[in-house]
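The figures that follow rest on heavy atoms only: side chains count, while hydrogens, waters and symmetry mates do not.
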Amino acid sequence: MTSEKCSSLAVVVSGAAEGPTVLLRADMDGLPVAERADLGYASSNGNMHACGHDLHMAALAGAVHELYRRRDEFAGDVLAVFQPGEEERGAALMIAEGVLRTTGRLPVASYGVHVLSFAESGIFYCREGAVMGATIIFDLEIVGRGGHAARPHTALDPISISALVVQAVQTYVAQNSSPADPVVVTVGSMVAGTAANVIPSSALLKVSLRAASTERAQTAYEKIIEIGSAICCAYGLRMDSEIQVRVGPTVSDRAAPSWSAGPPPNSTAPHPTRTSSSRR
């Protein structure tokens with residue numbers, strides 16, 4: 001099954017008898033980063049799977065092949081979903097098109113994995129509750145007045161004020177992000193101006209915000225807008241904001257981790273990031 005609105009793909013592997021549907025999901029997104037590795041499989045189109053999604057796709061494709069080979073050993077259906085737009089609206093588009101009803105039954109459980117470069121090889125980690133944070137990706141446009149570099153007093157420089165906004169945002173995060181309820185904010189892009197001797201009229205910041213809950217993310221976003229607007233106002237500039245993407249956290253059902261994995265080997269107490277794991 002393919003989508004009419006995005007580059008998704010859904011594959012069904014049916015077992016030997018009627019039964020429930022279980023969904024397996026892998027994300028497919030690349031990032032607009034040039035891959036500079038001198039390897040035969042390196043991307044050459046200016047985008048790369050810098051977040052490991054090529055491994056996710058390969059793992060799900062391998063699971064489909066193995067499940068098909070062993071289809072006489074289970075009942076029900078496995079719905080393998082290759083999802084684009086991980087931090088955008090890929091899942092929402094697929095759901096709206098009916099991907100969850102592909103087999104005629106809603107899935108009783110959904111599973112996805114994400115590689116971690118800092119985790120021990122050969123271990124699968126999962127836990128109950130929030131696993132990945134809610135995300136808000138937004139633009140901040142600092143609007144001033146352009147001018148010549150020789151006459152800065154006639155302009156309202158958006159670049160210098162953007163620097164103040166970035167610093168203030170990170171100070172807010174450092175002072176208000178609790179280890180028990182963290183907030184992470186990154187200004188991933190600042191674009192302004194075209195020449196060394198021209199003060200531009202505006203600057204554009206692209207920002208991502210992540211928090212453990214939708215409510216915490218919204219509160220932090222509103223505070224960032226308040227701080228940025230106050231700084232711009234103090235210097236006679238204006239700040240406009242626009243949310244590009246808003247997604248909720250990834251939350252594991254209470255039963256799912258215990259079903260998918262046992263406790264850590266040789267462990268007598270849970271670890272905050274390793275409450276359950278499984279060697280395969």
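- In the hydrophobic clustering of ILVMFWY residues, with side-chain heavy atoms under 4.5 Å counting as a link, Y68 and F82 come out together.
- Residues passing the side-chain contact (heavy atoms from CB on, under 4.5 Å) test with S201, sequence neighbours excluded: none.
- With T102 contributing its side chain and V99 its backbone, the two residues share a donor-acceptor pair below 3.5 Å.
- How far CD1 of I142 is from CE of M190: 8.5 Å, rounded to the nearest 0.5 Å.
- A search for side chain to side chain donor-acceptor pair (under 3.5 Å) contacts involving Q175 returns nothing, not counting sequence neighbours.
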Does T186 form a side chain to side chain contact (heavy atoms under 4.5 Å, CB included) with R210? I'd like the steps, not just the answer. CA-CA 9 Å; T186 298; R210 301 166 196 273; over 6 Å; no

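- V187 approaches Q170 most closely through the heavy-atom pair N-NE2, 4.4 Å.
- A search for side-chain contact (heavy atoms from CB on, under 4.5 Å) contacts involving L204 returns D139, E141, K206, not counting sequence neighbours.
- Taking each heavy atom of A26 and H56 in turn, the nearest pair found is CB-O, 3.5 Å.
- Note: the hydrophobic cluster containing M94 also contains L106 (ILVMFWY, side chain heavy atoms under 4.5 Å, direct or indirect links).
- If you take OG on S241 and CD on E222, they are separated by 10.5 Å, rounding to the nearest 0.5 Å.
- Under the rule for a salt bridge (Lys or Arg N to Asp or Glu O under 4.0 Å), the partners of E73 that lie at least two apart in sequence or sit in another chain are R70.
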Worked check of side chain to side chain contact (heavy atoms under 4.5 Å, CB included) between V207 and V185: CA-CA 7 Å; V207 189; V185 178; 3.6 Å; yes

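- Using a 4.5 Å heavy-atom threshold, the side chains of S213 and P249 count as separate.
- Under the 4.5 Å side-chain criterion, counting only non-hydrogen atoms from C-beta, V22 is in contact with V108.
- More than 12 heavy atoms of other shown residues, nucleotides or ligands fall within 6.0 angstrom of atom CD in Q244.
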List the atom pairs, donor and acceptor, that lie under 3.5 Å between side-chain atoms in residues 12-20 and the rest of the protein, sequence neighbours left out.
| residue | atom | partner | partner atom | Å |
| --- | --- | --- | --- | --- |
| S14 | OG | D77 | OD1 | 2.8 |
| E18 | OE1 | R105 | NH2 | 2.0 |

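- Residues meeting the side chain to side chain donor-acceptor pair (under 3.5 Å) test with R238, sequence neighbours left out: D240.
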Begin with the C-alpha distance, continue with both residues' side-chain angles, and end with the deciding distance and a verdict on side chain to side chain contact (heavy atoms under 4.5 Å, CB included) for V143 and M239. CA-CA 6 Å; V143 182; M239 190 182 82; over 6 Å; no

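- With sequence neighbours excluded, the residues forming a side-chain contact (heavy atoms from CB on, under 4.5 Å) with I243 are I136, F138, Y221, R246, listed by chain and number.
- Residues passing the side-chain contact (heavy atoms from CB on, under 4.5 Å) test with T219: none are found, sequence neighbours excluded.
- Hydrophobic clustering, with ILVMFWY side chains joined whenever heavy atoms are under 4.5 angstrom apart, groups V11 together with M28.
- Grouped with F118 in one hydrophobic cluster are L116, the linkage being side-chain heavy-atom contacts under 4.5 Å among Ile, Leu, Val, Met, Phe, Trp and Tyr residues.
- For the atom pair CG of N197 and NE2 of H148, the computed distance is 5.0 Å after rounding to the nearest 0.5 Å.
- Between T171 atom OG1 and N176 atom CG the span is 10.0 Å, to the nearest 0.5 Å.
- Looking at residues two or more places apart in sequence or on another chain, you find a side chain to side chain donor-acceptor pair (under 3.5 Å) between D181 and R216.
- For the atom pair L9 CG and M57 CE, the distance stands at 11.0 Å (nearest 0.5 Å).
- Taking every heavy atom of both residues into account, N47 and P32 meet most closely at OD1-CA, 3.2 Å.
- Of all the heavy atoms in A42 and A37, the pair that sits closest is CB-O, 3.4 Å.
- Across S162 and A203, no two heavy atoms sit closer than the pair OG-CB, 3.4 Å.
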With a cut-off of 3.5 Å and sequence neighbours excluded, list every side-chain donor-acceptor pair involving residues 223-237.
| residue | atom | partner | partner atom | Å |
| --- | --- | --- | --- | --- |
| S229 | OG | I225 | O | 2.8 |

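- Using a 4.5 Å cut-off between side-chain heavy atoms of Ile, Leu, Val, Met, Phe, Trp and Tyr, with links allowed through other members, I137 and V247 fall into the same hydrophobic cluster.
- One hydrophobic cluster, built from ILVMFWY side chains closer than 4.5 Å, cannot hold both M132 and V183; they sit in different ones.
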Using a 3.5 Å cut-off and no angle test, enumerate the donor-acceptor pairs between side-chain atoms of residues 60-67 and protein atoms at least two apart in sequence or in another chain.
| residue | atom | partner | partner atom | Å |
| --- | --- | --- | --- | --- |
| E66 | OE1 | R69 | NE | 3.2 |
| E66 | OE2 | R69 | NH2 | 2.6 |

Show the numbers, then the answer: is there a side chain to side chain contact (heavy atoms under 4.5 Å, CB included) between V166 and V169? CA-CA 5 Å; V166 172; V169 166; 5.9 Å; no

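- Residues L100 and P107 are in side-chain contact: their nearest non-hydrogen atoms beyond the backbone lie under 4.5 Å apart.
- For the pair R145 and T154, the tightest heavy-atom approach, listed with the atom from each and the gap, is NE-O, 3.1 Å.
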